[in-house]
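One structure below.
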Amino acid sequence: MQPISRRGILLLGGLGVAATAVGGAGLLWGSTIRTPPGPQFAEPAELASEAGRLRVRLTAAGRRVRLGGRDVSALSFNGGIPGPTLRLKAGDRLSVRLRNALTDPTNLHVHGLHVSPEGAGDNPFVMVEPGDGFAYEYELPADHPPGVYWYHPHHHGTVADQVSGGLYGAIIVEDPEPIEAARERMLLISDVNLDGSGRIAVASPMARMLGREGEIVLVNGQVTPRLSARPGERERWRVVNTCVSRYLRLRLDGQRLQLVGIDSGRFRNPLEVEEVLLAPGNRADLLVTTRAGTASLRAAAYDRGGAGGMMGGAPAGSLSGAVLLATLAVSGDAVAELPAVSAQPTPRDLRSATVTARRELSFAMGMGAGMGGGGMMSFTINGRQFDAGRVDTTVQAGSVEEWTLVNDSPMDHPVHLHVWPMQLMEENGRDAESVLERDVVNVPARGRVVVRIAFDDFAGRSVYHCHILDHEDNGMMGVIEVR
Ligand code: C2O
Ligand code: CU
Ligand code: CU
């Protein structure tokens with residue numbers, strides 16, 4: 001079986017004229033200049049499991065790739081940005097042979113999958129040196145929640161560089177009962193800065209402190225791709241925010257938008273929405289029922305705070321600016337409407353669970369000791385920076401814990417826990433109205449969020465961290481051990 005190493009798999013529409021006409025400096029690539037229509041929407045290659053098995057070879061390498069309609073030097077899995085989409089079912093076994101053809105160490109993380117963190121599983125402590133490889137084995141439980149997940153490197157210190165360089169791909173865990181739709185689309189959103197010679201730009205210390213945002217915002221490696229449909233069609237859109245720091249307040253005005261779920265969480269009935277906020281790392285599972293006309297998929301501006309006065313007095317803000325992501329043209333003969341979606345499998349509601357332990361995790365930014373004027377800011381959880389050799393949180397397997405996530409800083413931090421999903425209970429004193437299970441929970445600047453976590457099924461060592469990957473690389477990560 002060889003579904004492996006397919007080159008040039010990303011079917012970039014050959015018409016990438018929109019942003020390439022001018023070439024030259026990065027300026028013209030910025031989100032300020034947009035001339036839709038862009039290229040025809042294309043998706044990454046897909047590798048699907050058969051008879052409960054998927055074997056994949058992923059080679060991480062730096063090379064010339066097509067990105068945003070032109071040739072750039074970037075990082076990629078198997079030569080495509082994004083890497084191939086892995087399509088699985090609950091109960092499947094996924095084998096990934098990772099080969100590191102980069103010049104730095106790397107590894108692989110399957111973000112959001114509920115699998116063992118030990119050994120050759122979803123183990124963030126594995127380190128794969130340049131030239132080496134590693135064979136990962138992931139076993140999905142038979143009751144693994146359906147949804148959209150993703151994979152990316154997780155080697156502490158280089159995560160932001162490697163993910164924004166192009167190393168990411170999607171994972172789909174199929175529904176036990178398919179949701180009827182005219183088509184399914186995968187949209188991986190990323191942002192990047194290129195230098196004058198078409199290389200990924202090196203992020204400045206300031207950008208690493210605030211969390212870098214790229215001027216070029218891509219959907220499956222394309223700038224403002226064009227989608228088309230007929231009126232009345234129901235489409236399934238799976239959207240992944242792979243950006244290092246950019247928040248996406250997604251809108252598709254003029255079209256009917258229903259949210260099936262976020263991350264591994266799912267609503268019993270899809271929720272009618274106008275807007276969906278995806279923090280870095282989050283995914284949305286959406287239904288779009290089309291109406292005639294041309295619509296813009298865009299992200300509205302989101303203010304994720306700043307570090308005013310913390311960088312030697314200079315006010316430093318960070319705004320995820322408004323950006324056009326794609327256009328959807330709906331025309332032609334209308335099709336008959338599909339029946340309403342049947343009730344969906346929902347996660348266990350932990351609001352009535354017996355809580356066995358309560359903890360507080362406090363996320364802070366400050367000038368580290370001996371880091372005077374111009375030095376890097378330190379990013380800490382409960383006053384400590386990440387140390388792979390230290391266990392910060394020990395949890396009893398099978399228990400349900402309640403964590404209060406406190407943000408003592410002037411910026412938002414999207415907090416992520418591996419393996420075990422979190423149920424959002426309360427944000428800034430307001431109770432959650434429904435069961436909201438997710439693996440990245442945004443903790444607003446100077447705010448607090450309460451979550452509950454069921455430490456079911458798996459024991460072992462893993463991590464939690466801020467999913468602004470620059471913050472994680474700067475130390476905002478802790479080690480958890482479930483035993
Ligand atoms: Cu998507 Cu620990 O990361
Ligand atoms: Cu993760
Ligand atoms: Cu952060």
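As the structure lists them, so they are numbered: ligands from 1, and atoms in each ligand from 1.
- Here the N, O or S atom of His413 that is nearest to the Cu ion (ligand 3) is ND1.
- Under 3.5 Å, the side chains of Arg53 and Ser95 contain a donor-acceptor pair of N or O atoms.
- Here His416 does not reach atom 2 (Cu) of ligand 1: none of its N/O/S atoms is less than 2.8 Å from the metal.
- Among the backbone and side-chain atoms of His154, an N, O or S atom lies under 2.8 Å from atom 2 (Cu) of ligand 1.
- Backbone or side-chain N, O or S atoms of His154 do not reach the Cu ion (ligand 2) at under 2.8 Å.
- Among the heteroatoms counted here (N, O or S) of His465, NE2 is the one nearest to atom 2 (Cu) of ligand 1.
- Looking only at atom types and distance, the side chain of Asn282 has a donor-acceptor partner in the side chain of Asp263 under 3.5 Å away.
- Here the angle centred on the Cu ion (ligand 2), running from NE2 of His416 over to NE2 of His109, is 160°, rounded to 10°.
- Across His111, His467, His465, a single residue satisfies ring pair (Phe, Tyr, Trp, His ring centres under 6.0 Å) together with His418, and that is His465.
- The closest side-chain heavy-atom distance from Cys243 to Pro280 is not below 4.5 Å.
- Within His471, the N, O or S atom at minimum distance from the Cu ion (ligand 3) carries the name ND1.
- Look at His467 and the Cu ion (ligand 2): no N/O/S atom of the residue is under 2.8 Å from the metal.
- When the shell of 6.0 Å around CZ of Arg430 is examined, it contains 12 or fewer heavy atoms from other residues, nucleotides or ligands.
- Between Arg212 and Asp161, at least one side-chain N (NZ, or NE/NH1/NH2) sits under 4.0 Å from a carboxylate O, which counts as a salt bridge.
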